[in-house]
Every structure is written in C-alpha cells, then in structure tokens.
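Structure first, commentary second.
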Amino acid sequence: AQSVAQPEDQVNVAEGNPLTVKCTYSVSGNPYLFWYVQYPNRGLQFLLKYITGDNLVKGSYGFEAEFNKSQTSFHLKKPSALVSDSALYFCAVRALQNQAGTALIFGKGTTLSVSS
Amino acid sequence: KAGVTQTPRYLIKTRGQQVTLSCSPISGHRSVSWYQQTPGQGLQFLFEYFSETQRNKGNFPGRFSGRQFSNSRSEMNVSTLELGDSALYLCASSNPGQGDTGELFFGEGSRLTVL
C-alpha cells in the first residue's frame, strides 16, 4: 500500500537557523513527490515537487527538498528560517504506475514553529 | 488566472441534514478532486472527477457523492450528516495529460460544522 510518513508532529527552530522537515514514502514505481504548506483556515499552497531529474529541487520562499531514492525520503529544508515560515507542512506522493488519476496521498503534517 | 474557488466557505448544519459544496477549478483544468481534512485523520482523498466521470474514489461511505459538470465545475454532496463529518473540505484542480505539471491547485476550502 502506498503511504507517506512525517515522523515529527512538530518542529521547533529559532529564526535564522536551518530547518528540516522529514518525509519518507512507500510507493510502487516512480513517484511524484510534493510539499505543500497550509496556514490557519486556508487551503494548501504548493511549495515544490520532484518528478524526475536532479535530486535537489528548489521551490517557493527559499525552500528546497532532497529526493533520496535509496532511503525513500524527501526531506524539506531551508537554510535560514523565518518567523513567517511557521505553518503546517504536508508531504504528498502521487504514484504514476497502476493509477489513473491525480490523487495524492498525504502525510499527517508537521507543524513548523519558528521563534524570534 | 483565477484560482480554485470553493463555496460556501463556512456552513453549519445539524445531524441528519444534507449539504452540497461547490468547486470551480482553474480555467482549463479538467480534473477536480476532493479531500477531507480533520485533526484526527488528516487529509483524506474523497474522489476525483475528470471529464464528468469519477475515475478515483477514496474509502468513504456512500453518503459522500459528487459530480462534475461539462464546464468542469464540481459539487460534492454529503447526505445524512453525522457529527464526524465536521471538517474542512478541500477541492483541488489539475490538468492531466499533456498539460500535466503534476501538482494540484487547492481552493481555500469549505469549513463544515455539524451540530
């Protein structure tokens, strides 16, 4: 069965420090991987994606993520956190094979809290 | 380009009632999918419609249904509401096929409270 795991419910980091939000996945075939961010009472905003190519992908607001096929991970990173980065972050996977459609499987989400 | 529009944004219903939520996708997008978000279960896939046909369905009871119109607008309906149906319902659009860039574009959601 396909799944996404975000092992940390919450990540706390001081402003200016680097941040990492972890994600591992389990899917048959080659996955599309995504990170989304959600602010309170809002929809999900797309941050970045990995489909193919370079394992390090860059996205919106200075975020980047590294795809590691051997570890089936897709961790979200940012070199220097901002207080405004505080939000709920979701990792998601879409399997290409054996699935028609665009349905995403989401992790449980990780709350990022950046203190000033 | 206008984003995904969901209406209503907030609504309150009582148990046993039914509710209809509406979603207008980004212009040109032919796929609309629906997700339920709750604190306990997180984001769960409800169903996806493409060219007026449901082509994927999540693990939800038959009380949850949807449809898509020829202009790609979609509605979802929940009948015989239960307290546990209280959630944020998110609609997302995409354009599978040649124009597919992979990601989904989400609306702001419809917050349903069942009393």
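Atoms considered below: every heavy atom in the structure, side chains included; atoms not considered: hydrogens, waters and symmetry mates. Nothing here was measured: the structure is a model prediction, and the numbers come from that model. Here is the naming used below: chain letters follow the sequence lines, and residue numbers restart at 1 for every chain.
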Checking [X] against chain A: side chain, backbone, both or neither under 4.5 Å from a heavy atom?
X       : result
B:Tyr35 : side chain
B:Leu43 : both
B:Gln37 : side chain

Does [atom1] in [X] sit with more than 12 non-hydrogen atoms of other residues, nucleotides or ligands closer than 6.0 Å?
X       : atom1 : result
B:Arg15 : CZ    : no
B:Asn71 : CG    : yes
B:Lys57 : NZ    : yes

Please report the interatomic distance [atom1]([X]) to [atom2]([Y]), rounded to the nearest 0.5 Å.
X        : Y        : atom1 : atom2 : result
B:Glu48  : A:Leu104 : CD    : CG    : 9.5 Å
B:Phe45  : A:Phe106 : CZ    : CZ    : 10.5 Å
B:Leu104 : A:Phe34  : CG    : CZ    : 6.5 Å

Could you tell me which portion of A:Gln45 (side chain, backbone, both or neither) has an atom closer than 4.5 angstrom to a non-hydrogen atom of chain B?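 Neither part.
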Measuring heavy-atom distances to chain B, does A:Leu47 have an atom under 4.5 Å in its side chain, in its backbone, in both, or in neither?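 Interface part for A:Leu47: neither.
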Are [X] and [Y] linked, directly or through other ILVMFWY residues, by side chains that come within less than 4.5 angstrom of each other?
X       : Y       : value
A:Leu19 : A:Tyr61 : yes
B:Val4  : B:Leu21 : no
A:Tyr89 : A:Val93 : yes
B:Leu88 : B:Leu11 : no

For the pair B:Glu108 (side chain) and A:Arg42 (backbone), establish whether a donor and an acceptor sit closer than 3.5 Å, ignoring hydrogens and angles. no
Restricting to non-hydrogen atoms, name the atom on B:Asn56 and the atom on A:Ala103 that form the minimum distance, rounded to 0.1 Å. ND2-CB, 4.4 Å
